[in-house]
Amino acid sequence: MPEGHTLHRLAGSLTKTFADQRVQTSSPQGRFESGAQLLDGLVLTHAEAVGKHLLVSFDSPLRLHVHLGLYGTFVARRLPEPTPVGALRLRIVGDESYADLRGPTACELLDDDQVAALFNRIGPDPLRKKPDPERAWARISKSKAPVGALLMDQSVIGGAGNIYRAEVLYRQGISPFREGRSLAPEQFDDIWNDLVILMKDGVKRGRIVTVDKSDMRAMADLDSDRRAPDDRDLDGGEDTPARRRARRATGVYVYQRTGRPCLRCGVAIAAQEFYGRNLFWCPGCQN
DNA sequence: GAGCTATGTAGAC
DNA sequence: TCTACCTAGCTCT
């Protein structure tokens, strides 16, 4: 389930697996049948990511555009290919491997103009080679919208999602409720630079870890009471699935850690629905 | 095995 | 603002 780092990792994996191979494509589910027919028999040249979008190029003017949405998957495995099961939108078969795409929000073919339009509507991506953070700052510095919402807006910054939003604001001690225009330029620079570090690390690891090495031990100690009786009584409530999830998430400071004490100030991590998504933050140290 | 939830977006209204 | 997308990991029974 992807933020930008997942897509960049996927693009690298698809390139490595299929580059310069003539591929067979099909849409067993039928929802991408015409597109799969157009791609069938072409040479896949490379894949790249921009924000949370994936673009796959072939020896053709058309490019495959995929957005995985909340629960799409695109997984490559070694041949032999198994019989398709369930809602399989697209299968790509190469010389030694195949890849299955399931449940995407977008799976379509784009021409050059449409690809250009896609790039235009996505903000600078911290994982691209030469992103232009000034574009993001131009939007944020003029906006009355809360910075917690701006960081999730893909036209402001491409690729950051709910976890990176929560974690980078915590790491920089900035309240998600502050208006974008109230940030100092240096604060934006710190957010951007931290995103670059965290997201690159996410690509490398294949998962999001935002806790600094120097805090790892303290976080583990903080969570060492996983089965302690008072764990159920942080705010007087019963144990819940959310709380159990939170206890497992030791690689992050605030995301899905509702009710757990903040590593730095001890105040309970807060959560609320915010612009239709769950927002997590520390009311003690994010101002 | 059933039920719930989630790292997201597009499109309908 | 609501709904579709229809996966997959987790918990509960």
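What's counted below: heavy atoms across the whole structure, side chains too, no hydrogens, waters or symmetry copies. Proteins come first, then strands; the chains are lettered A, B, ... in the order of their sequence lines, and each starts at number 1. Worth saying up front: this structure is predicted, and the values here are computed from it rather than measured.
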Handout entry: Minimum-distance nucleotide to A/Tyr71 side chain [options: C/dC5, B/dT7, C/dA8]
Key = C/dC5

Practice task
Taking only the side-chain nitrogens and oxygens of A/Gln154, find out if one of them lies under 4.0 Å from OP1 or OP2 of B/dG8.
Solution key: no

Practice task
Give one of base, sugar-phosphate or nothing for A/Thr105, where a contact means two heavy atoms less than 4.0 Å apart.
Solution key: base

Handout entry: Distance, C1' atom - from B/dA10 to C/dA8, rounded to whole angstrom
Key = 22 Å

Handout entry: B/dT7 OP1/OP2 closer than 4.0 Å to side-chain N/O of A/Tyr255
Key = yes

So which protein N/O to nucleotides 11-13 of chain B N/O distances come out below 3.5 Å?
none

Handout entry: Strand-adjacent residues in residues 79-94 of chain A, judged by heavy atoms under 4.0 Å from DNA chain C
Key = A/Ala87, A/Arg89

Exercise for the section: Provide, to the nearest angstrom, the distance between the CZ atom belonging to A/Arg102 and the P atom belonging to C/dT7. Expected result: 7 Å

Fill in the blank from the handout: In this structure, CG of A/Leu101 is separated from CZ of A/Phe32 (nearest 0.5 Å) by 8.5 Å

Exercise for the section: Using atom CD of A/Glu273 as one end and atom P of B/dT5 as the other, report the distance to the nearest whole Å. Expected result: 12 Å

Exercise for the section: For side-chain hydrogen bond (donor to acceptor under 3.5 Å, both in side chains), just list the numbers for A/Ser27 and A/Arg91, CA-CA rounded to whole Å, side-chain angles, deciding distance to a tenth of an Å, and then say yes or no. Expected result: CA-CA 6 Å; A/Ser27 178; A/Arg91 172 170 283 176; over 6 Å; no

Practice task
May I have the distance from A/Leu68 (atom CG) to C/dA4 (atom P), rounded to whole angstrom?
Solution key: 21 Å

Practice task
Figure out the CG/P separation between A/Asp153 and B/dT9, and round it to whole Å.
Solution key: 9 Å

Practice task
Taking the six-membered ring for Trp and the single ring otherwise, decide whether the centroids of A/His5 and A/Tyr164 are under 6.0 Å apart.
Solution key: yes

Practice task
With P as the reference atom in both, quote the distance from C/dT3 to B/dT5 in angstrom, rounded to an integer.
Solution key: 16 Å

Problem - N or O in side chain of A/Asn162 less than 4.0 angstrom from B/dA6 OP1/OP2 - result: no

Problem - Stepwise side-chain hydrogen bond (donor to acceptor under 3.5 Å, both in side chains) test for A/Asn278 and A/Glu273 - result: CA-CA 5 Å; A/Asn278 291 322; A/Glu273 195 173 313; over 6 Å; no

Problem - Interatomic distance where CZ belongs to A/Phe74 and P belongs to C/dA8 [whole Å] - result: 13 Å

Handout entry: Distance test, side-chain N/O of A/Arg277 to OP1/OP2 of B/dT9, below 4.0 Å
Key = no

Handout entry: OP1 or OP2 of B/dT5 under 4.0 Å from side-chain N/O of A/Gln256
Key = no

Practice task
Report the distance from atom CG of A/Asp100 to atom P of C/dC6, rounded to the nearest whole Å.
Solution key: 14 Å

Problem - Sugar-phosphate only, base, or nothing, as touched by A/Glu167 at under 4.0 Å among non-hydrogen atoms - result: nothing

Exercise for the section: Look at the side-chain N and O atoms of A/Thr73 and state whether any lies under 4.0 Å from the OP1 or OP2 oxygen of C/dA8. Expected result: yes

Exercise for the section: State which residue, out of A/His53, A/Lys52, A/Gln154, A/His8, fulfils the side-chain hydrogen bond (donor to acceptor under 3.5 Å, both in side chains) condition with A/Asp125. Expected result: A/His8

Fill in the blank from the handout: Considering only heavy side-chain atoms of A/Glu3, the closest of B/dT7, C/dC6, B/dT9 is B/dT7

Practice task
Describe the nucleic acid contact of A/Arg165 in one word from base, sugar-phosphate, nothing, applying a heavy-atom distance below 4.0 Å.
Solution key: nothing

Practice task
Look at atom CD of A/Glu108 and say whether more than 12 heavy atoms of other residues, nucleotides or ligands are closer to it than 6.0 Å.
Solution key: yes

Practice task
Rounded to the nearest angstrom, tell me the gap between atom CG in A/Leu118 and atom P in B/dG8.
Solution key: 17 Å

Exercise for the section: Before accepting this row, confirm whether a basic side-chain N of the pair A/Asp212/A/Arg171 lies closer than 4.0 Å to the acidic partner's carboxylate O. Expected result: yes

Handout entry: Intermediate values then yes/no, side-chain contact (heavy atoms from CB on, under 4.5 Å), A/Ser57 and A/Arg63
Key = CA-CA 5 Å; A/Ser57 299; A/Arg63 266 179 274 186; 3.1 Å; yes

Practice task
Report yes if at least one side-chain N or O of A/Lys52 is closer than 4.0 Å to OP1 or OP2 of B/dT7; otherwise report no.
Solution key: no

Problem - Closest to side chain of A/Arg121, choosing from C/dA8, B/dG8, B/dA10 - result: B/dA10

Exercise for the section: State plainly whether the residues A/Asp153 and A/Arg139 are in salt-bridge range, i.e. N to O under 4.0 Å. Expected result: yes

Completion exercise
On a heavy-atom basis, the closest approach of A/Val93 and A/Glu81 is CG2-OE1, 3.5 Å

Problem - Polar side chain donor-acceptor pair, A/Asp215 to A/Tyr253, under 3.5 angstrom - result: yes

Completion exercise
When rounded to whole Å, the CG to P distance for the pair A/Leu70 and B/dT5 reads 13 Å

